[in-house]
Amino acid sequence: MKLYESDHTKFMRELFEKNPELAEDQKEARAIWWDKKLDLEERKRFKESSVPQKAYVYFGK
């Protein structure tokens, strides 16, 4: 019995089979945007400097 495979899963599997270099490109792109070391002092200053948002910002007074 064959298990169900979604169209998206099939597309991604075939894409990576045709372009094996995409896996490395994906890791490099992730490193640019997500894999960062956190500076706790900077994070603390950022959190302290935030301004609370009003309850419903779409309408003025």
Side-chain angles (χ1 to χ4, degrees):
M1 180 172 141
K2 186 175 179 183
L3 296 176
Y4 172 76
E5 182 177 58
S6 71
D7 291 338
H8 181 265
T9 301
K10 185 177 179 181
F11 170 77
M12 293 302 294
R13 183 177 45 77
E14 291 173 358
L15 180 68
F16 278 98
E17 285 174 0
K18 291 177 187 173
N19 304 301
E21 72 280 356
L22 282 179
E24 192 60 37
D25 293 345
Q26 187 180 31
K27 288 178 187 177
E28 289 175 16
R30 179 186 169 105
I32 291 171
W33 296 105
W34 298 104
D35 296 339
K36 302 281 183 188
K37 298 242 185 244
L38 291 178
D39 180 357
L40 296 180
E41 281 298 316
E42 183 179 7
R43 179 75 181 135
K44 181 181 174 190
R45 286 193 312 272
F46 179 76
K47 194 172 186 178
E48 289 171 350
S49 66
S50 67
V51 178
Q53 184 174 350
K54 295 183 180 179
Y56 198 75
V57 296
Y58 298 106
F59 295 106
K61 289 185 178 183

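- Distance CD/Glu41 to NZ/Lys44: 5.5 Å, rounded to 0.5 Å.
- No more than 12 heavy atoms of other residues, nucleotides or ligands shown are found within 6.0 angstrom of CG on Asp7.
- Asn19 places no side-chain N or O within donor-acceptor distance of the main-chain N or O of Glu21, the cut-off being under 3.5 Å.
- Using a 4.5 Å heavy-atom threshold, the side chains of Gln26 and Phe16 count as touching.
- Results of the side-chain contact (heavy atoms from CB on, under 4.5 Å) test with Met12 over His8, Lys10, Glu14 single out His8 as the only residue that passes.
- Using a cutoff of 4.0 Å between basic side-chain nitrogens and carboxylate oxygens, Glu17 and Arg13 are scored as salt-bridged.
- Remark: side-chain polar atoms of Ser49 are paired, donor with acceptor, to backbone N or O of Arg45 under 3.5 angstrom.
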